[in-house]
> 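Below you'll find the structure I mean.
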Amino acid sequence: MNSFDILVIGGGHAGIEAVLAAARMGAKAGLITLSIETIAEMSCNPAIGGLSKGHLVREVDALGGEMGHAIDQCGIQFRMLNQTKGPAVWGPRAQADKKAYKSYMQEVLKNQSNLTLIPDGAAALIFKDKKLYGVETESGDTYSAGAVIITTGTFLNGITHRGREKKPEGRYGEKPSIKLAEFLKTLSLKIGRLKTGTPCRLHKDSLDYSRMEIQEGDPVPHPFSFSTGAITQKQVPCYLTHTTDETKKIILENLHLSALYSGEIKGIGPRYCPSIEDKFVKFKDKNHHLLFIEPEGMDSSFMYVNGAASSLQTDVQIRMIRSIRGLEKSEILRVGYAIEYDFVQPTELHPHLELKKYENLFLAGQINGTSGYEEAAAQGIMAGINAVLKLGNQSPFVLKRSEAYTGVLIDDLVTKGVDEPYRMFTSRAEHRLMLRQDTADRRLTEKGYRIGLATHDDFSRMKKKYERIEHSVQLMKKRRIRGKTLAEHYLVPFTEIQSVKQMDPSVFNDLEAFDEVTVFADIKYEGYMDRENASIRKALLIDDRVIPQDFCYEEMSGLRIEARQKFSQVRPRNLGQARGIPGISPADIQMLLILLEKRRKSVSQKEESDIVNFEVEES
């Protein structure tokens, strides 16, 4: 039997970050994937980042992950979104060269020490007394492992839909993971079905770009990785168009031919990334919908119709696409489809992404009910880190909601569960002012370095960066121009950054590219951040109160029946996590705090009694 410390099942974005984290932390790691050639495949839109999603990518990078490096090398259009608003909600996004991104990631994996690629499908897990010991593959091989991380994406019992046509596929043209899906159903886990979809791909030479609005990238692109100095590769434009009255007519007349509306699809789809059919049904008063036409690569003929995911049958999709402005003569290279797949309700997990019922088995990515490459990568790196820490008998690595979007993501999943594919938004982060995308390294790189993932160079670079930034911040507070400091000038409403820089350029001489974004944001938000930090410290005094895992909620008559049931199901590890459970009221938390205090006093009294009895017996 081949032996590994960590085995990861699935070569998508979660699996990549998980297995790289394990290998880079010194574990002997193996990646079991149905096909090495499709590792890092960008199944849907070949883009990384976006609002709040970009925060996740920068956090993965700050911890020592790979996604930020990959998109910096393979991006073909970079944009910082939301720049008309405050820096707290800016979000980096980049269109990727799909083929280049996949090749880059595959090379990284092949060249990583401690890492073995295993081209096979996982069929079953090997347990002894609910403790995991290995994996059995579809080819009949067995591998022992100290821990296993499942990151199967949409492949678990995947079925694709185009109208009435449906196929067992994990992705277009690829076989699903059936045996593993069947095995997981024997483990008494809460398993459900979710649905997502993808649009048509069109030949780039068949489109009329003169009828669309051009969308250029930023003149000076912001990199994702904190170690990337500058983006130097050529950038390409994307295009904006919209549906027409004819598009709406075709869709509504053929809804019965959509798998989504014919009853073929049982899984729940993403509310915030609906199919084109959903848009016209749920927003009946809106006649036109905006679409983005995006290239899949520098040398690719494929153009992606962002916003037009569909499960309509093929001939209707073709008519629908050709009714859109600028796409009238388009050549359809691939029609869109919907895909259903199994997921495990994430309330089955501890906050460190290990299953509560089975020791050493971790889950990450879409199997936990999320959508998006970025959400998957963030879970993947956390699962990889925690699997290694578990084998070393070290405490789990869990990020608080006040520390990272990654902390918000995982806390939401394990306390609230999902009833639709989960997507990260800035509005989900109550401390988003503290979690800016430009400060992910300040928040997380030292943590990544301490656990053995981020490198010494990463840590040293971060320290020097913030020494430069703090130096400029202090100079802005001291240098006076016309009776006011530069900081006071900047805080005057509607004052532009450039006008402040021109007052005394020497203040900013030591800064490197993009440092000034952080300098001016720190000045702008300093008062708010001080108050927020004080609020967080106060809340943590209560929220960090540990709840014993053997706490018997069912016997606590002071708690409402519903609260007892929810606490018993989730088994929160502290009061902060308990507070986040849907349906739990402030009164429930107050009562739980009282009961915990009673238990603490009872245990203390028992311990004192035991000590007295022991001393009497010794005498």
Side-chain angles (χ1 to χ4, degrees), residues 11-13 16 33 35-50 57 66-79 92-111 171-174 198-225 228-241 291-309 318 321-322 324 326-337 373-374 377:
H13 305 280
I16 289 169
T33 178
S35 169
I36 292 176
E37 288 69 32
T38 57
I39 288 174
E41 186 72 69
M42 304 183 96
S43 313
C44 204
N45 189 2
I48 295 293
V57 181
E66 196 62 35
M67 181 174 271
H69 294 285
I71 189 59
D72 284 350
Q73 294 298 313
C74 307
I76 55 177
Q77 191 201 79
F78 289 77
R79 295 178 66 219
R93 181 188 188 274
Q95 197 69 21
D97 185 309
K98 183 175 180 176
K99 183 178 178 181
Y101 186 95
K102 182 167 66 171
S103 297
Y104 173 94
M105 282 297 201
Q106 290 176 14
E107 283 302 305
V108 168
L109 291 169
K110 290 173 183 176
N111 293 322
R171 187 163 49 210
Y172 180 83
E174 297 180 51
T198 191
C200 288
R201 271 56 158 196
L202 314 177
H203 197 292
K204 65 178 183 181
D205 295 335
S206 67
L207 310 184
D208 185 353
Y209 300 102
S210 68
R211 291 173 56 77
M212 306 180 205
E213 178 186 341
I214 192 168
Q215 185 183 59
E216 301 283 1
D218 292 340
V220 181
H222 285 69
F224 276 84
S225 175
T228 301
I231 304 297
T232 58
Q233 64 265 35
K234 180 184 175 183
Q235 306 292 289
V236 299
C238 297
Y239 300 87
L240 279 70
T241 186
L291 303 173
F292 297 83
I293 310 301
E294 300 168 331
E296 290 205 345
M298 297 295 283
D299 301 320
S300 174
S301 298
F302 284 69
M303 298 294 281
Y304 181 93
V305 189
N306 190 353
I318 293 172
I321 286 292
R322 289 177 178 166
I324 295 168
L327 312 185
E328 294 87 351
K329 297 180 180 179
S330 58
E331 177 187 346
I332 286 78
L333 298 176
R334 182 187 299 170
V335 295
Y337 60 88
Y373 309 143
E374 304 82 5

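Since the structure is predicted, the reported quantities are computational estimates derived from the model, not experimental observations.
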> Are Q73 and Y101 linked by a side-chain donor-acceptor pair shorter than 3.5 Å?
no
> Taking all non-hydrogen atoms of both residues into account, name the closest pair between R322 and E331 and its distance.
NH2-CA, 4.5 Å
> Using distance alone, with no hydrogens and no angle criterion, decide if Q95 and N45 have a side-chain donor and acceptor under 3.5 Å apart.
yes
> So, the side chain of S300 versus the backbone of F302: is there a donor-acceptor pair under 3.5 Å, distance only?
yes
> Distance check, rounded to the nearest 0.5 Å: M303 atom CE versus L207 atom CG?
6.0 Å
> Check this for me, if you would: do R211 and E328 make a salt bridge, where the nitrogen-to-carboxylate-oxygen distance has to be below 4.0 angstrom?
yes
> List the atom of H69, the atom of Y104, and the distance in Å for their closest heavy-atom pair.
CB-OH, 3.4 Å
> Answer yes or no: is there an ion pair linking R201 with E296, defined by an N-O contact shorter than 4.0 Å?
yes
> For C238 and E294, which heavy atoms make the closest approach, and how far apart are they?
SG-CG, 3.9 Å
> Roughly how far, to the nearest 0.5 Å, is CD of Q77 from CZ of R93?
7.5 Å
> Closest approach of S301 and L333, non-hydrogen atoms and distance?
O-CD1, 3.9 Å
> For atom NZ of K204, is the number of surrounding heavy atoms from other residues, nucleotides or ligands below 6.0 Å larger than 12?
yes
> Measure the spacing between CG of D97 and CE of M298 and express it to the nearest 0.5 Å.
7.5 Å
> Just wondering, more than 12 heavy atoms not from D205 lying within 6.0 Å of its CG?
yes
> Using modelled atom types only, decide if a donor and an acceptor are shared between the side chain of S103 and the backbone of A100 within a distance under 3.5 Å.
no
> What distance do E213 atom CD and Q215 atom CD have between them, rounded to the nearest 0.5 Å?
7.5 Å
> Measuring from atom NZ of K102 to atom CD of E41, what distance do you get when rounded to the nearest 0.5 angstrom?
4.0 Å
> Return yes if a side-chain donor-acceptor contact under 3.5 Å exists between S35 and E37, otherwise no.
yes
> To check you understand the geometry: which heavy-atom pair defines the closest contact between Y239 and M212, and what is its length?
CB-SD, 3.7 Å
> Measure the shortest side-chain to side-chain distance between C44 and Y373 over non-hydrogen atoms and say whether it is less than 4.5 angstrom.
yes
> Of all heavy-atom pairs between S43 and T198, which one has the smallest distance, and what is that distance?
O-OG1, 4.1 Å
> Would you say the side-chain atoms of D218 pair up with the backbone N or O of V220, donor to acceptor, closer than 3.5 Å?
no
> Could you check whether any side-chain N or O of Q233 sits under 3.5 Å from a backbone N or O of G75, counting only pairs where one atom can act as donor and the other as acceptor?
yes
